[in-house]
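Taking it in order: structure first as structure tokens, then the write-up.
The basis for the numbers below is simple: all heavy atoms, side chains too, and nothing from hydrogens, waters or symmetry mates.
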Amino acid sequence: AEDSGDLPPDRQSTESLLSKLFFIYATGFHRGERIFLRFPDLKKFAEDARGLAPSLHRTFRKFEGVLEITFEDTIQLQSDMGIHTTKGLTLPWFQVFVQKSMSRLGMQVVGLLMALLNERSGK
């Protein structure tokens, strides 16, 4: 595991936010390790993200499609790298998934993550 002290401060905060978000949304397990499931975790994540980004209401089908495609791509990559489950993503691969999704959608990762965390922490 990487020592977070070696990472630039902005990268530390993004990884910390992603980790917190992962443990809020991930409900599955694979070999004793928590995983982010395609259903229901991806669906809940997409609904919450849409609720926090009003501009996504008009393009939710595209948004949801990008998340699903990126999830599939990331599951395949995770499998290629030796974690053989198609049920869900481990924490490091969840981080890849979120960053790839937000990049494909042209969204700022940190702003959305902080909003999601604030929303979920308040519930």
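Linking ILVMFWY residues whenever their side-chain heavy atoms come closer than 4.5 Å, directly or via other members, places Phe23 and Leu18 in the same cluster. Hydrophobic clustering, with ILVMFWY side chains joined whenever heavy atoms are under 4.5 angstrom apart, groups Val98 together with Leu116. Follow the hydrophobic side-chain contacts under 4.5 Å out from Ile69 and you never reach Val96; the two are in separate clusters. Under a hydrophobic-cluster definition in which Ile, Leu, Val, Met, Phe, Trp and Tyr are linked whenever side-chain heavy atoms come within less than 4.5 Å, directly or via other members, Leu17 and Tyr25 are assigned to the same cluster. Hydrophobic clustering of Ile, Leu, Val, Met, Phe, Trp and Tyr side chains at less than 4.5 Å, counting indirect connections, unites Leu42 with Met102.
Nearest heavy atoms, Ile24 versus Leu117: CD1-CD2, 3.3 Å.
Residues meeting the ring pair (Phe, Tyr, Trp, His ring centres under 6.0 Å) test with Phe22, sequence neighbours left out: Phe94.
Distance check, rounded to the nearest 0.5 Å: CH2 of Trp93 to NZ of Lys100 gives 8.5 Å. To the nearest 0.5 Å, the span separating CG on Leu37 from CZ on Phe45 amounts to 14.0 Å. Atom-to-atom distance recorded for Phe71:CZ and Ser101:OG is 10.0 Å, nearest 0.5 angstrom.
A 4.5 Å side-chain heavy-atom check between Arg120 and Lys44 finds at least one atom pair inside the cut-off.
Between the Arg34 side chain and the Phe29 main chain, no donor and acceptor come within less than 3.5 Å of each other. A donor-acceptor pair under 3.5 Å is formed between the side chain of Asp41 and the backbone N or O of Thr27. Remark: the backbone N or O of Val66 is paired with a side-chain donor or acceptor of Thr70 at under 3.5 angstrom.
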| said: Working note: Lys43 + Glu64, criterion salt bridge (Lys or Arg N to Asp or Glu O under 4.0 Å); need CA distance, chi angles, decisive distance, verdict. | reply: CA-CA 8 Å; Lys43 182 175 173 25; Glu64 200 170 37; 5.7 Å; no
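Of the charged side-chain nitrogens involved, at least one lies within less than 4.0 Å of a carboxylate oxygen, so that Glu72 and Arg38 count as a salt-bridged pair.
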Donor-acceptor pairs under 3.5 angstrom involving side-chain atoms of residues 75-89: please list them, not counting sequence neighbours.
from: Gln76; atom 1: NE2; to: Asp80; atom 2: OD1; distance (Å): 2.8
from: Gln78; atom 1: OE1; to: Thr90; atom 2: N; distance (Å): 2.9
from: Gln78; atom 1: OE1; to: Thr90; atom 2: OG1; distance (Å): 3.4
from: Gln78; atom 1: NE2; to: Gly88; atom 2: O; distance (Å): 2.9
from: Ser79; atom 1: OG; to: His84; atom 2: ND1; distance (Å): 3.4
from: Thr85; atom 1: OG1; to: Lys87; atom 2: N; distance (Å): 3.1

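Using a 30° and 60° split on the angle between ring planes, Phe36 and Phe97 fall in the tilted class, from 30° to 60°.
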